[in-house]
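Each remark here refers to the structure printed beneath this line.
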Amino acid sequence: MSLAQVHYTSAAPGDEGTAGRFTAVGPGVSGALLAEIEPLVRYELPGGVPERPSDGELRSLPQAFGYFALSDGSRLVARSAPVRDTGGTGAGVRFHAHAVHLPPGVPLPGDRLPVEAWRSPHWVAVTPGGATPDPLALPPGPAAVSEGLDDFAVSRGPWLAAVLADLRRASDAEAAGRPVALVERQCADVARWLGLASVTLPRESAERLTFTTYTRRPGSSASRVVGVLPEDAGAARAAGLRVHACAGPAPAGSTEDVWATTAARVWRSRSPELFREARELPGEPFAAGPLAVTALCAGIALGPDGRAAAAGWAADRPYALDAQRTGRLVEAIASPGIDDRTAAEFDAAGRLFGALEGRCPASVTAPLAAMLVTEAVRGGNGSLELPRRDAFAGPEGADVAERLGPEILTELADTAGSRSVARTVQLLRVARLLGVDGTESLPGVVDRLAPALLAEASVAQEGPPGFAPALLELLDEQFEVRTALLGALDRIAPQDPGAVARFLERVALPFTGTQALPHLRMCAEVPEAMATLGGDRAAVWHRVLRAAGLSPFAEPLVLRTAVGLVWEDRAPTVEEARLLLDAATSDSHRVAGTWARLVDAALSTSTAGTSATGTSATGTSATSTDEAARLAHDLLRGFPGEIGGRERAGLLLLDLVRELRTGAPEPGWAERVRTLCAQAEPVEPALRERAHAALVERLLAPDRPGAELYDFVHGADAELIAAYDRTARTASVRSRLRTQPAYAADCFTVWTAHPHAGRTWPPVAAALLDDVLRPAVRGMSAEDVAEVEATVGRTGSSGRADAFRDWNRSSTLGRLGRRIAGRVRRG
C-alpha cells in the first residue's frame, strides 16, 4: 500500500510570525496530526553557520532524521535537511522536511526498521510538483546504514557497553527513565548508534525506540534517543538526560549491565550474527546468559560476570545445548588461562558441574571438576559446591591429586597460621575427593578445629553459622573425621559447657551413634530440660546428669559439665550447693574442680546481710545464713588443701559465725574476727557485718567469758564497738533488760567496769547506760529494781551495789527535780 507523505518547509525571508508551512500533505493525514507533526519536523541550524554558506559547508550541516510515535498510535519517519534558499535577495539557508506517515500496524516497505531508511535515495529536499508525492522507496537488500557498523562499534569501544545498556532501557515499554542523549560531531554517527541498536535489540524493542539524529533542544524532544552536537551537550545535561559524550575523551568506569557488556564484546569481535543466534535460545529477551553462552561457544573471551551468567544459564537448562556446544562452553569456562575468576563465577561453575554430572561423559566435565577443586585449595573459596568423589576416578583426578595433595597436607599441618573453620572443612573435603591420605595429621587438625567451631559460632549472627552446611556434609562423608571431631568437642565441653550447648542449638551435630560422648549429650539435653523444668535448677541438674549416662563417681568431669550448664552465669544457692556436695565424694569434686563453685555458693549466700532481728534487708533468713555457715564448715573439712587465700578466710569467718551462735569457739573471738576479716580482704561488707553481729551478740549474752569481753573492750576496735552499740540498742536487748533483772544487772556491771579502756569504749558504755539501761530500769517495779541491785552486789561487790544505788538515785532525783521545775514554771 502507498504511505501518505508530508512535506514541510521553513518560512521564506519576510514571512514574519511563521516558522514554516506544509507544502504537500498526503491523504489520511488530518489537521490534528499536522499540528502534532509540525514541531517534530522543525529544524534549527547549529551555531556559527555562515549567512551564505558554501556548497561544502551546506553539505556538512547535520540532518535531522527521526522516528516518532504519534498520539493516535501511528508513527512518523521524517528527515529535515538544510537547503539553499534560491529565492529572495540572497542565497541563505532554509530547511525542508520530508516525512512518511505510518498508520497503526503498518510497517515500512520491505518490513524494514525505521533506522534503515536513513540513507534512502528517495528522501527529497523540495516539494514534488505532482498533486500526490511519490511513495517512499528503500533500496533492496541490506540497508545502507548497516554498512561499516563493525568498524564503528570498534571505534566506539569505550562507550559501547554503557550506550547499549541505556538504549535497551530506552526501548523498554514499561520504563519511565530519562531519555538518552548521544553526543557526536556527525549526525550520521548517531544513526550508526541506532543501527547498532537495531541489530542488538530484539525487533519489538527496536521498533519502540523513538529517536532523532539531531536537535538543538534536547530537553523538549519527545524522542527516547536524541543526537546532539558537542556544543549542546551541556543543555542535555541540564535537562536531566543520560548523556554519552562519544565525541570526547573515553569515559572512566564501566557498566554493571552484564548483557550490555557481553553485547559490546560481541560487537568488538565483529560477530553481530551472534545476536540472532542468541535470540533462538530460551530465556528472557535481555538475559545475559544466552548471549554469553553464544559468545563463549564462538570463542569470544568474556569477563567473569559474563562467564558466570553463561554457566548459570546452562546450569538451569542442561539440555538446551547440544553436545558440541556444551563441550565448547565447558572449555571456555574452565580455560586454564583465565586468572580473574570471581566467587560468583565459581559458584555458577559449581552449579553447572552439578547439572552436567551424570548427563555428560566424565571427559567433558573433568575440566570443571579440576577447576573447582583447584579454586577450593588455592583460592580459599569455602562456599563452593564440590564435585562428587567419582569425578576424580580417572587420570584427570590423579593429575589433580598429584598437584594439589602436597599443598593440602602442608596447610592442614600448619599450626602457626589462623585458619577459618570453612577453610579447614573445605580442605578436608577436597582431600577425600582426591584420595589424599591425611591420617597422620587428622588428630592435630580436629584438636584445632573443635575450639575454632565454638569461637566462630559465638560471633556469628542468629541462626546456623555460615560453615554449618559444609561441616555437616563433611561429617556425613567422613566417618573418621566425625569420630575424631566429636571426641575433641566432648573433651573440651567441661571447660566451657555453655558455649558447647549454644553451639549445638545452632548446629545439630550427629552424635547419635555408639560413641559415649557424655558431655556432648549433656550439652544437647540442657535446652529441653530448661524449657520443661523451668526455674527448678536442681531438677534440671539431675536430668542433665542422667543424660551423660555416667556416674560422677566413675567420671567426675560430668559434675563440672553439669554445674557449668545449669549454673553457668551464677553461683548455686546454699541449698543447691548442699545438693551438689552430697551428690558425690570430695574426691570427685576435687577432680572436677566443682568445689570452687561450692565455695562461691557459701560466700555468695553469706553476703545477703542479716540484721539482729534475724532477717536481712534482702529477705535472707538467719536459717539460710546458718546453712551457709554449716556449708562453709563442711567445705573447709572436705577440701583443706584446695581452699586458700581470701576464700579460706571468708569460709573460716562463716564457720566462726556458726561457732559463736551454736557452739564453743576457741578463745580469742574478737581477735579472730579482726584477723579473718583482714585476710579475707576485700571482704564483702555483709559478711563483715554478719561476723561482727555474731560476735557482739555472744558478748551481750550473760554467759560469755569475761576474758573475751575484756579483750573486746581493750581491743579498742571502733567497728566492733560500733556493732556492739547497734546491737545493744535493738528491741530484743531492750526487752530483755526490762524483763530480766539479772540481765540488767549484768549489763550494768559490764558498762561500768572499764571506765579507762581507751577512748572508744567509755563514751559508748556511758551512752548505753543513759540511753538503754536507764529507761529499762525506770520501767521496772520496785521489786525488780531491788533484785537488780542485789544481783549487782552478789556478782560484784558492795561498792558496785552502792554505785548502782547512786546511779539509780541520780536518775530518780533527776526526775523529781524536773517535776518541781515544771510546777514552778506553771506557777
*Set of salt bridge (charged side-chain N to carboxylate O under 4.0 Å, His left out) partners for E44, sequence neighbours left out*: R217
_If I compare all heavy atoms of R208 with all of D172, which pair ends up nearest, and what's the gap?_
NE-C, 4.4 Å
*Would you confirm whether the ring centroid of W193 sits within less than 6.0 angstrom of the ring centroid of F211?*
no
*Can the ring centres of Y67 and W118 be said to be less than 6.0 Å apart?*
no
*Using 30° and 60° as the class limits, which term best fits the ring planes of H7 and H96: parallel, tilted or perpendicular?*
tilted
*salt bridge (Lys or Arg N to Asp or Glu O under 4.0 Å): pairs with one or both residues in residues 248-276, sequence neighbours excluded*: D151-R270, R168-D257
_Distance-minimising heavy-atom pair for I338 and A332_ = CD1-O, 3.4 Å
*Taking the side chain as every heavy atom from C-beta outward, state whether P318 and T326 have any atom pair closer than 4.5 Å.*
no
*asked:* With a sphere of 6.0 Å drawn around CD of E284, does it hold more than 12 non-hydrogen atoms of other residues, nucleotides or ligands?
replied: no
*When you check the side-chain N and O atoms of Y43 and R216, is any donor under 3.5 Å from an acceptor?*
no
*Could you please spell out the steps behind the side chain to side chain contact (heavy atoms under 4.5 Å, CB included) verdict for R84 and L58?*
CA-CA 8 Å; R84 192 177 298 283; L58 184 64; 4.0 Å; yes
*Kindly give the heavy-atom pair with the smallest separation between P46 and E231, and that separation in Å.*
CB-OE2, 4.3 Å
_Less than 4.0 angstrom from a charged side-chain N to a carboxylate O is my criterion; do R156 and E184 meet it?_
yes
*asked:* Students often mix this up, so state it plainly: with edges at 30° and 60°, are the rings of W123 and F65 parallel, tilted or perpendicular?
replied: perpendicular
*Distance only, no hydrogens: is a donor on one side chain within 3.5 Å (strictly under) of an acceptor on the other, for E116 and S198?*
no
*Who are the side-chain contact (heavy atoms from CB on, under 4.5 Å) partners of A238, not counting sequence neighbours?*
none
*Answer yes or no: is there a donor N or O on one side and an acceptor on the other, between the side chain of E57 and the main chain of S54, under 3.5 Å?*
yes
*asked:* Closer than 3.5 angstrom, by distance alone: can the side chain of T212 be matched with the main-chain N or O of Y214 as a donor-acceptor pair?
replied: yes
*asked:* By the definition side-chain hydrogen bond (donor to acceptor under 3.5 Å, both in side chains), identify the one residue from S71, S30, S74 that meets it with E36.
replied: S71
*Are V377 and V373 side-chain neighbours, meaning at least one heavy-atom pair lies under 4.5 Å?*
no
*Verify, without hydrogens or angle tests, whether T200 (side chain) and L196 (backbone) share a donor-acceptor contact under 3.5 angstrom.*
yes
*So, for F286 and S205, which heavy atoms are closest and what is the spacing to 0.1 Å?*
CZ-OG, 3.6 Å
*asked:* Between L76 and V100, is there a side-chain heavy-atom distance shorter than 4.5 Å?
replied: no
*Are the side chain of D322 and the backbone N or O of R325 linked by a donor-acceptor pair below 3.5 Å?*
yes
*Any donor-acceptor pair under 3.5 Å linking the side chain of R75 with the backbone of A69?*
no
*What closest approach, in Å, do C360 and T365 show between heavy atoms, and which atom pair accounts for it?*
CB-CG2, 4.2 Å
*Are any of the side-chain heavy atoms of T374 and L404 separated by less than 4.5 Å?*
yes
_With heavy-atom distances below 4.5 Å as the criterion, would you say the side chains of H122 and H98 are in contact?_
no
